[in-house]
Amino acid sequence: MEQKIHQGRNVKRFREMLGIKQEALAFDLGNDWNQKKISMLEQKDIIEDDILNQISEALKIPVEAFQKFDEEHAVNIISNTFNIEKDAYIGNAKPVFNINSVEELKKLHEEKIALFERMLKEKDEMMARLEKLINK
């Protein structure tokens, strides 16, 4: 039996992992978007390619992550390859990194810094707009 990928749930998972609120994603996607529309989108099994591309660009996550990520499958892989209790008892709880994973961690760290800087910029822009509205 083939597992069904729920693209909307994947969008929600990745958005939450990045610490981005629905309102912020809606803001990134443009004037046609709002929090409610993002909430409805995250409930959809399949999301149109053009919208997935926009979300991919906004979250800086490959489209394939939304299309192919299967949490149940990922949990099965992790539980089948890493047993915390067993490793702790035999004294083998040291993480093993290969060069690729270190490079990937470094890249992820850089992406998070860029995301944080973008969020700060958006906050500053929002504050400027609020100040403008207050002064009117």
Under the salt bridge (Lys or Arg N to Asp or Glu O under 4.0 Å) test, residues paired with [X] that sit two or more places apart:
{"X": "Lys36", "value": "none"}
{"X": "Lys44", "value": "Glu48"}
{"X": "Glu111", "value": "Lys107"}
{"X": "Glu23", "value": "none"}

4.5 Å side-chain heavy-atom contact, Arg13 and Arg9
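Result yes, sub-4.5 Å side-chain heavy-atom pair found.
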If we only count heavy atoms from C-beta on, is the Ile55 to Leu41 side-chain gap below 4.5 Å?
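With C-beta onward as the side chain, the pair touches.
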Those residues that, when tested against [X], pass side chain to side chain donor-acceptor pair (under 3.5 Å) (two or more places apart):
{"X": "Asp45", "result": "His6"}
{"X": "Gln22", "result": "Gln35, Glu42"}
{"X": "Asp49", "result": "none"}

Sequence neighbours excluded - side-chain hydrogen bond (donor to acceptor under 3.5 Å, both in side chains) pairs with any residue from residues 55-68:
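For residues 55-68: none.
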Is the number of heavy atoms from other residues, nucleotides or ligands under 6.0 Å of [X] [atom1] greater than 12?
{"X": "Met17", "atom1": "CE", "answer": "yes"}
{"X": "Asn31", "atom1": "CG", "answer": "no"}
{"X": "Lys21", "atom1": "NZ", "answer": "no"}

Output yes when Lys121 and Glu117 qualify as a salt bridge under the 4.0 Å nitrogen-oxygen rule, no when they do not.
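No, this pair does not count.
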Under a single-linkage rule joining Ile, Leu, Val, Met, Phe, Trp and Tyr whose side-chain heavy atoms are separated by less than 4.5 Å, which residues share a cluster with Leu120?
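In the cluster with Leu120 are Phe116.
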Other than Ile113, what residues sit in its cluster of Ile, Leu, Val, Met, Phe, Trp and Tyr side chains whose heavy atoms are under 4.5 Å apart, directly or through others?
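Ile113 clusters with nothing; isolated.
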Pairwise ring pair (Phe, Tyr, Trp, His ring centres under 6.0 Å) hits with a residue in residues 7-51, at least two apart:
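Non-adjacent pairs meeting ring pair (Phe, Tyr, Trp, His ring centres under 6.0 Å): Phe14-Phe66, Phe14-Phe69.
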For residues 26-35, pull every pair meeting salt bridge (Lys or Arg N to Asp or Glu O under 4.0 Å), keeping only residues two or more places apart or in separate chains.
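Pairs touching residues 26-35 that pass the test: Asp28-Arg118.
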Which atom pair, heavy atoms only, marks the closest approach of Ile20 to Leu25?
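Reported closest heavy-atom pair: CG2-N, 3.9 Å.
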Which pair of heavy atoms, one from Leu29 and one from Ala58, lies closest together, and at what distance?
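Result for this residue pair: CD2-CB, 4.2 Å.
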Could you walk me through whether Val11 and Leu52 pass side-chain contact (heavy atoms from CB on, under 4.5 Å), step by step?
CA-CA 9 Å; Val11 168; Leu52 267 186; 4.2 Å; yes
With rounding to the nearest 0.5 angstrom, report the CD to CD distance, Gln43 to Gln7.
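Reported to 0.5 Å precision, the distance equals 15.0 Å.
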